[in-house]
Number of protein chains: 2
Amino acid sequence: MAHHATMTEALEQAGHRLTAPRLAAMRLIAAREGPFTAADLVADADARDLRIGRATVFRAIDLLAELGVVERIDLPSGEHAYVACRPAHHHHMVCDRCGRSTEIDDAGFRSVVAEIAHRTGFRVDAHRLELFGRCADCLAGETTDR
Amino acid sequence: MAHHATMTEALEQAGHRLTAPRLAAMRLIAAREGPFTAADLVADADARDLRIGRATVFRAIDLLAELGVVERIDLPSGEHAYVACRPAHHHHMVCDRCGRSTEIDDAGFRSVVAEIAHRTGFRVDAHRLELFGRCADCLAGETTDR
DNA sequence: GGGCCAGATGATACCCAGTCTCAGTGCGAG
DNA sequence: CTCGCACTGAGACTGGGTATCATCTGGCCC
């Protein structure tokens, strides 16, 4: 998970203002463990009586997404969610019990893509890879609990 | 691309009725080369003066998705699109110039997932893999055209 | 410190995809 | 024939996301 400071730094570096609503939004994001939807953030802000407009929340997410410190993932249900993460190439593994998201590295995936590209003549510019299942913690919990 | 007949067959086999609106929807889908959105289909139906309700189009897509003859993919823009395809496990490669979608097989991807699962203790139940770029035809066209 | 102004904000209206509801409609079985 | 059930379509509704626009403010320059 990206820390609050990582985000503010990224913002400043890209020449954006550090305004109160943005700082608040970033704090809310940092406080979340796993993926969150825009609606989650709005609800959080509401619950804490931060007077942040809905539009501003969306803009903040957009901005952070542009800077690469949050990323949009598409849940199997089709919903859009976001996760805070390092601004580097990686993929996400989402536990559908606890909702936590883990970043995973390449693990040979790159060569698979290269292989496919080579075989088909396709030039791959972008890709999306997301894994869904149960994280180790939840698996452990399940076998001991029941 | 799944042919019209493949879809009707799948429908019948699953014990669903072959109604006129469904057949019409399937013909529209079969007529499309690449991914399409639900709105595309509705527009197509409208253009051809087929009197198919919006709800019916969505239901037809849902149904075909359940049967595995169309699949939902998430474009990089975040839009939901659908593609007709074989009812087998595979992934999609979408050309963002001509819009055509190619099915690709496993190509060693399975073992990458297994490797990740092994390293992290995560149990992977589902995954999403989509590639975006330029297909061989479009690449060829581009180099000769300009 | 004070003024300036582009960039940021938030209230609101709006748009669009997808779902729900419900009164029909028509096919197939008996 | 007629009964039931799957299916249909019109329209209302929901929820995520965007556009508009008057107002505000962070941070720079003096």
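What you see is a predicted model; the values in this text were computed from it and never measured. So that the names make sense, note that chain A is the first sequence line, chain B the second, and so on, each numbered from 1.
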task = Starting from P on dG15(D), measure out to CD on E79(A) and report it in whole angstrom.
result = 11 Å

Side-chain donor or acceptor of D40(B) paired with backbone N/O of T37(B) under 3.5 Å = yes

query = For dG10(C), does either OP1 or OP2 sit under 4.0 Å from a side-chain N or O belonging to R51(A)?
reply = no

message = Does any part of the side chain of L131(A), heavy atoms only, come nearer than 4.5 Å to the side chain of H91(A), both counted from C-beta?
response = no

ask   = In whole angstrom, what separates L41(A)'s CG from dG10(C)'s C1'?
value = 16 Å

key: Salt bridge present between R123(A) and D125(A) (N-O < 4.0 angstrom)   = yes

query = For L64(A) and dA8(C), what is the distance between atoms CG and C1' respectively, to the nearest whole Å?
reply = 14 Å

note = Scanning both residues in full, the closest heavy-atom pair of R17(B) with L11(B) reads O-CD1, 4.1 Å

request  = Indicate whether OP1 or OP2 belonging to dT9(C) is found under 4.0 Å from a side-chain N or O atom of T56(A).
outcome  = no

ask   = In whole angstroms, how far is the P atom of dA11(C) from the CG atom of D46(A)?
value = 10 Å

I52(A) CD1 - dA8(C) P separation (whole Å) = 15 Å

request  = Could you encode protein contacts along nucleotides 17-30 of chain D as a string, one character per nucleotide from 5' to 3', using B for base contact, S for sugar-phosphate-only contact and - for no contact, with a heavy-atom cut-off of under 4.0 Å?
outcome  = BBB-----BBS---

key: SB check R128(B) D74(A) (cutoff 4.0 Å)   = no

remark   = From CG of L63(A) across to P of dG7(C) the rounded distance in Å is 13 Å

inquiry  = Any side-chain to backbone donor/acceptor pair from T120(A) onto I116(A)? Under 3.5 Å, distance only.
reply    = yes

request  = Grab the CG-P distance between L23(A) and dT9(C) for me, whole Å please.
outcome  = 10 Å

